[in-house]
2 protein chains.
Amino acid sequence: MTTSAVHTPRGPVTRKDVARYAGVSTAVVSYVVNGGPKKVAPATEAKVQEAIRILGYRPNAAARALKMGSNQTLGLVIPDSSNPFWALLGHAVEVAAAERGYALLLTNSDNNLDSERRHIRNLADRQVDGVVLASVMFEPDLLELFGTEIRSVLLNHASVAPGFNSVGVDLEAGARLAVEHLIGHGHTNIGLAMGITADNEADGREEGWRRALEAAGLPVGPLARGGFDRPGGYAAGQRLLAADNRPTAIFASSDMQAIGLLRAIREAGLSVPDDIAVASFDGSIEAEYSWPALTTVEQPVWEMAEAAVSALVGENRNEPPQHRVFPTQLRIRQSCGCP
Amino acid sequence: MTTSAVHTPRGPVTRKDVARYAGVSTAVVSYVVNGGPKKVAPATEAKVQEAIRILGYRPNAAARALKMGSNQTLGLVIPDSSNPFWALLGHAVEVAAAERGYALLLTNSDNNLDSERRHIRNLADRQVDGVVLASVMFEPDLLELFGTEIRSVLLNHASVAPGFNSVGVDLEAGARLAVEHLIGHGHTNIGLAMGITADNEADGREEGWRRALEAAGLPVGPLARGGFDRPGGYAAGQRLLAADNRPTAIFASSDMQAIGLLRAIREAGLSVPDDIAVASFDGSIEAEYSWPALTTVEQPVWEMAEAAVSALVGENRNEPPQHRVFPTQLRIRQSCGCP
DNA sequence: GCTTTTTGTTGACTCGAGTAGATCCCGGTG
DNA sequence: CACCGGGATCTACTCGAGTCAACAAAAAGC
């Protein structure tokens, strides 16, 4: 044991070490670190700041979280973070959260309900301040899962669930935009490559496709279902091409699907848009760089992420659940037949 | 006030509530929840389990983290989680972490050094048990940033940094595989679309391209630098096409770059692989679905993520820093000229 | 010069869970 | 019958930070 007054502590530096070094109480250190709730004399503050600097003190987030009941963290549950659309959404949510000082716990449900439930439980245990849930499915027992303690937002969800905040786009209107555009190119036999939604309830995109055709007095074209991903679109495409009344245009319910679809069309020796025109939904970056570039219905992903995060942590977080529906925009490229 | 003995507590349920309900001490509740370190009589255990079930008790992770000094969380810092390659890596890391009971805090550095530093600091403050850092750049002051308290792994990093765990692939060998394959198709003028690395030190991929050409006695073809992303590849492609000695084959340092490159080539009215053959690096899913499908050097992303996570939380986590280099594999598709 | 008020600082309690050490109770032994 | 072993349980302290009531010291008021 030396007799020196102060020596660098070995383990992580705590508030106590700083207090000792600066010759003040631990309370003052807190006041300095948080800028309140009590005032500190300028001279004392300087001493404390110096001590913090010298010792390299960083407050322990776990302790703070315990005391405050919040660890400034949000949870995000998405089906597959390597799918470009979800990846983009994840990125946007991360940025929106970071802007507000929140970190993001990312989890993949792999389109698996059990896995999704486990993740939600886990997030709840970790005392996240809110959960952004992007699920292709919807289960009524979600309400119990979340209990009433934990805030949540359903993102990109088709149906409006009572008791939940939700943020989505007008799927039907978006689909109509695309299909109407294809009709404008003179197509009369327009197929649909539709993703699979667990509840098997007609998705707004399917509805929009039907309505647009009806409104134009056209017959309903062939429909094929498959996953929302590339392989799903590829498989759906093969079936559409094999149909008796092969469509001359196809609307795909996601960009990824459209990319799989393009592949199926190429493999059949046909060309896009000359033999078959294509339009899709989402507006991801892949659509811009595919060949031909995809005409797609763009979702305002960044705004949606903003809205989702602000519903969780904004000052209006104690109001009754909100349902925000964003408009979509048709981004015209070449796959539809436009030059 | 009713006179009933027990009523559901309003706020979150704590260990104390469970103890009261089950008529035991709080210690016993802990023993039951954690299965130790002391034994509990079967009858008592049943009572406690029942109480937990009825009250819906979930232990507070923040409190546990405070006491245990770990919150079973890892941090991941990547340049851009909406870039498919990083997204895939992120997904793989998330899965590897989840398998071990760890959650993943995702952050985007946006290729920005300051932002990267901020995120690392932030993760450290949050007492993550380790950080997976995927950075295109490398800065020597990283060591200080991490201090000695926090474990870290450099993922997908070119240079081997002393004092750090790292996991990567043999970039040079991979690049040679691809370039040698292009040479095998008879090309004698092979260009390079190279990504930009901050330290401006020759990346292994550039080196591999040079070496393969030298070994075959061929002249070094034109080189263009641009971002590793699609726009970067597009820009690099335009420059390569405008070069005096326009190459008949191009090796791109990432799949995303190659996709931008394909676009530039198409816009110039040329075709792949007839006019210009292309091969790239990464092995992401986009490569499989692009047109034409990209011949690419595949990185074993899942194994790499496994290795990275296990270096952080495995039982060998206290050994000296390891540097693991994985082999790559050439995935042959059509963009190189193969049928 | 002696109250008031203001300003600055501190000790002590709190959050919820982990766990060592003390205590209690029971059957078995000398 | 006093004693001991040992299993089951409880008490009490700990982790690190936020914050309030209490207090000391300095400033202002009369």
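The analysis underlying the following values was restricted to heavy atoms, covering all of them including side chains, and did not include hydrogens, waters or symmetry mates. Convention: sequence-line order gives letters A, B, ...; per-chain numbering from 1. As the structure is a computational prediction, the values presented were derived from the model and not from experiment.
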| request: Map B:Pro37 and B:Ala63 onto DNA chain C by nearest heavy atom, then report which one ends up closer to the 5' terminus. | output: B:Ala63
| query | Nearest 0.5 Å, what's the CG-OG1 distance between B:Leu106 and A:Thr107? | reply | 11.5 Å
| said: Can you build the contact string for nucleotides 8-13 of chain D? Use B for base contact, S for sugar-phosphate-only contact, and - for no protein heavy atom under 4.0 Å. | reply: SBBB--
| query | Can you list the steps and then say if A:Trp302 with A:His91 is a ring-ring contact (aromatic ring centres under 6.0 Å, His included)? | reply | CA-CA 9 Å; A:Trp302 291 86; A:His91 189 164; 5.6 Å; yes
| said: Rounded to whole Å, please give me the gap between CD in B:Gln72 and P in C:dA17. | reply: 16 Å
Taking N or O atoms only and anything under 3.5 Å, show me the protein contacts with nucleotides 5-7 of chain C, one pair per line.
none

| said: Does D:dG18 have OP1 or OP2 under 4.0 Å away from a side-chain N or O of A:Arg64? | reply: yes
| said: So, using ring-ring contact (aromatic ring centres under 6.0 Å, His included) as the criterion, who are the partners of B:His119 when residues are at least two apart? | reply: none
| Quantified as the angle between the terminal helix axes (five pairs each), what is the overall bend of the helix from C:dG1-D:dC30 to C:dG30-D:dC1 to 10 degrees? | 70°
| said: Checking A:Arg100 now: which residues fulfil side chain to side chain donor-acceptor pair (under 3.5 Å) with it, not counting sequence neighbours? | reply: A:Glu306
| said: What is the distance, to the nearest angstrom, from the CG atom on A:Asp125 to the P atom on C:dA17? | reply: 11 Å
| remark: Distance col, row A:Asn34:CG vs A:Arg64:CZ, nearest 0.5 angstrom, shows 5.0 Å
| field | Whole-Å distance separating the CG atom of B:Asn71 from the C1' atom of C:dA17 | value | 14 Å
| request: Supply the atom-to-atom distance A:Ser115 OG to A:Ile120 CD1, rounded to the nearest 0.5 angstrom. | output: 9.5 Å
| What distance do A:Leu76 atom CG and A:Leu123 atom CG have between them, rounded to the nearest 0.5 Å? | 9.0 Å
Can you give each donor-acceptor pair under 3.5 Å made by side-chain atoms of residues 65-75 of chain A, sequence neighbours left out, with the distance rounded to 0.1 Å?
residue: A:Ser70; atom: OG; partner: A:Gln72; partner atom: N; Å: 3.2
residue: A:Ser70; atom: OG; partner: A:Asp129; partner atom: OD1; Å: 3.1
residue: A:Ser70; atom: OG; partner: A:Asp129; partner atom: OD2; Å: 3.2
residue: A:Asn71; atom: ND2; partner: A:Arg126; partner atom: O; Å: 3.1
residue: A:Thr73; atom: OG1; partner: A:Asn71; partner atom: O; Å: 2.9
residue: A:Thr73; atom: OG1; partner: B:Arg126; partner atom: NH1; Å: 2.9

| request: Check whether any side-chain N or O of B:Ser30 sits under 4.0 Å from OP1 or OP2 of C:dG18, and answer yes or no. | output: yes
| side-chain hydrogen bond (donor to acceptor under 3.5 Å, both in side chains) between A:Asn108 and B:Glu94, intermediate numbers included | CA-CA 8 Å; A:Asn108 283 286; B:Glu94 193 267 330; 3.0 Å; yes
| remark: The reported gap from CG in B:Leu105 to CG in A:Leu105 (rounded to nearest 0.5 angstrom) is 4.5 Å
| query | Is A:Asn34 near enough to D:dG18 that one of its side-chain N or O atoms lies under 4.0 angstrom from OP1 or OP2? | reply | yes
| task | Provide, to the nearest angstrom, the distance between the NZ atom belonging to A:Lys16 and the C1' atom belonging to D:dT14. | result | 10 Å
| query | When rounded to the nearest 0.5 angstrom, what is the spacing between CH2 in B:Trp86 and OG in B:Ser109? | reply | 8.5 Å
| task | Take atom CE of B:Met68 and atom C1' of C:dG16, then tell me their distance rounded to the nearest Å. | result | 12 Å
| query | What's the CG-C1' distance between B:Asn60 and D:dC15, to the nearest Å? | reply | 13 Å
